[in-house]
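Down below is the structure, laid out as structure tokens.
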Amino acid sequence: MSDTATLERARTALDEHAWSEAYARLSWLDHEGDLGGADLERLGEAAWWNAHPRESLDAFARSYAAYVAEGDPARAAFVALRLAFEHFETRDVAQWNGWMGRATRLLEDQPESAVHGYLELQRIRGFILLGQGSSDEPLALPR
């Protein structure tokens with residue numbers, strides 16, 4: 001099977017939530033050559049659903065870098081926010097803050113989009129994470 005056919009089958013498997021097949025195919029392709037930002041993001045998703053958290057974070061980080069290199073700052077910011085969310089879940093404040101900073105800088109010059117909403121959501125989560133508020137208090141979010 002050609003790499004193109006394998007990639008198409010991996011994408012189809014991911015779309016059909018066949019996580020193990022998608023992960024196996026995307027991992028193989030990743031080892032054989034360079035995947036672009038979108039397919040590295042798919043690999044991160046497949047790894048996450050297959051309970052491979054380290055591999056998932058690695059694939060998402062490489063996806064972020066690929067999107068930056070490909071000139072897609074909005075998608076890079078989205079992936080950075082995914083990474084911020086994952087680090088929020090483990091209470092890794094330093095990593096959360098780093099990914100938030102990357103996303104914020106990438107979105108500064110971008111037209112407003114749904115990704116800006118995700119950024120604000122992560123800011124609210126971080127505000128609560130840092131113990132600076134509660135759900136009963138009005139939020140004054142740091143910028």
Side-chain angles (χ1 to χ4, degrees), residues 3-4 6-143:
D3 286 356
T4 303
T6 301
L7 182 57
E8 287 306 313
R9 295 213 32 203
R11 289 173 178 167
T12 299
L14 192 70
D15 290 343
E16 294 173 351
H17 302 173
W19 310 119
S20 295
E21 179 185 352
Y23 179 69
R25 291 182 187 281
L26 288 166
S27 293
W28 182 83
L29 288 165
D30 188 35
H31 291 298
E32 292 297 309
D34 294 326
L35 292 177
D39 290 314
L40 285 167
E41 187 177 354
R42 288 180 180 99
L43 175 58
E45 191 70 27
W48 190 88
W49 284 106
N50 275 281
H52 299 292
R54 277 183 243 128
E55 293 86 349
S56 177
L57 293 175
D58 175 68
F60 282 129
R62 291 186 299 126
S63 172
Y64 164 84
Y67 280 131
V68 169
E70 293 166 6
D72 192 345
R75 197 66 199 172
F78 180 83
V79 172
L81 290 168
R82 170 68 187 260
L83 284 159
F85 174 82
E86 295 300 335
H87 290 293
F88 172 87
E89 292 296 311
T90 62
R91 302 302 190 250
D92 188 338
V93 176
Q95 285 288 331
W96 174 85
N97 195 44
W99 287 110
M100 287 295 293
R102 289 176 183 94
T104 299
R105 287 187 297 277
L106 285 169
L107 291 174
E108 283 176 347
D109 298 328
Q110 296 299 305
E112 194 163 314
S113 68
V115 181
H116 289 84
Y118 291 123
L119 177 64
E120 291 304 314
L121 177 62
Q122 282 302 318
R123 283 189 178 136
I124 291 168
R125 291 175 62 117
F127 190 71
I128 294 167
L129 168 68
L130 297 172
Q132 297 175 353
S134 74
S135 60
D136 295 332
E137 298 173 4
L139 293 175
L141 299 176
R143 293 276 175 186

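As the structure is a prediction and not an experimental result, all values here were calculated from the model. Keep in mind that the numbers below use all heavy atoms, side chains included, and drop hydrogens, waters and symmetry copies.
- Shortest non-hydrogen contact noted between V79 and F60 is CG1-O, 3.2 Å.
- The side-chain hydrogen bond (donor to acceptor under 3.5 Å, both in side chains) search around S20 returns N50, not counting sequence neighbours.
- Applying the side-chain hydrogen bond (donor to acceptor under 3.5 Å, both in side chains) rule to pairs touching residues 60-79 yields D30-R62, E41-Y67, E41-R75, D58-R62, sequence neighbours excluded.
- In this structure, R82 CZ and S56 OG are separated by 5.5 Å, a value rounded to the nearest 0.5 Å.
- When side chains are defined from C-beta on, L107 does not count as touching F78, because their heavy atoms never get closer than 4.5 Å.
- The stretch residues 101-113 participates, sequence neighbours left out, in no salt bridge (Lys or Arg N to Asp or Glu O under 4.0 Å) pair at all.
- In this view, R42 and D39 satisfy the side-chain hydrogen bond (donor to acceptor under 3.5 Å, both in side chains) rule, not counting sequence neighbours.
- Shown here are the side-chain contact (heavy atoms from CB on, under 4.5 Å) partners of A22, two or more places apart in sequence or in another chain: A13, L14, A46.
- Legend: residues meeting ring pair (Phe, Tyr, Trp, His ring centres under 6.0 Å) with H31, ordered by chain and number and at least two apart, are absent.
- Listed here is the closest heavy atom pair of L81 and M100: CD2-SD, 3.8 Å.
- In this structure T104 satisfies the side-chain hydrogen bond (donor to acceptor under 3.5 Å, both in side chains) test together with R123, sequence neighbours excluded.
- By the ring pair (Phe, Tyr, Trp, His ring centres under 6.0 Å) test, Y23 is found to be paired with H52, residues two or more places apart in sequence or in another chain being considered.
- A cation-pi arrangement, defined by a distance under 6.0 Å to the six-membered ring centre and an angle within 45 degrees of its axis, is absent between R91 and W96.
- In terms of heavy atoms, A77 sits closest to V115 at CB-CG1, 4.1 Å.
- The side-chain contact (heavy atoms from CB on, under 4.5 Å) search around A69 returns none, not counting sequence neighbours.
- With sequence neighbours left out, Q110 forms a side-chain hydrogen bond (donor to acceptor under 3.5 Å, both in side chains) with no residue at all.
- Here T90 pairs with H87, D92 under the side-chain contact (heavy atoms from CB on, under 4.5 Å) rule; sequence neighbours left out.
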field: side chain to side chain contact (heavy atoms under 4.5 Å, CB included) between W48 and E86, intermediate numbers included
entry: CA-CA 10 Å; W48 190 88; E86 295 300 335; 3.4 Å; yes
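- To the nearest 0.5 angstrom, E55 atom CD is 13.5 Å from L26 atom CG.
- Here W19 pairs with H17, W49 under the ring pair (Phe, Tyr, Trp, His ring centres under 6.0 Å) rule; sequence neighbours left out.
- The distance from atom CG of L35 to atom CG of L40, rounded to the nearest 0.5 Å, is 5.0 Å.
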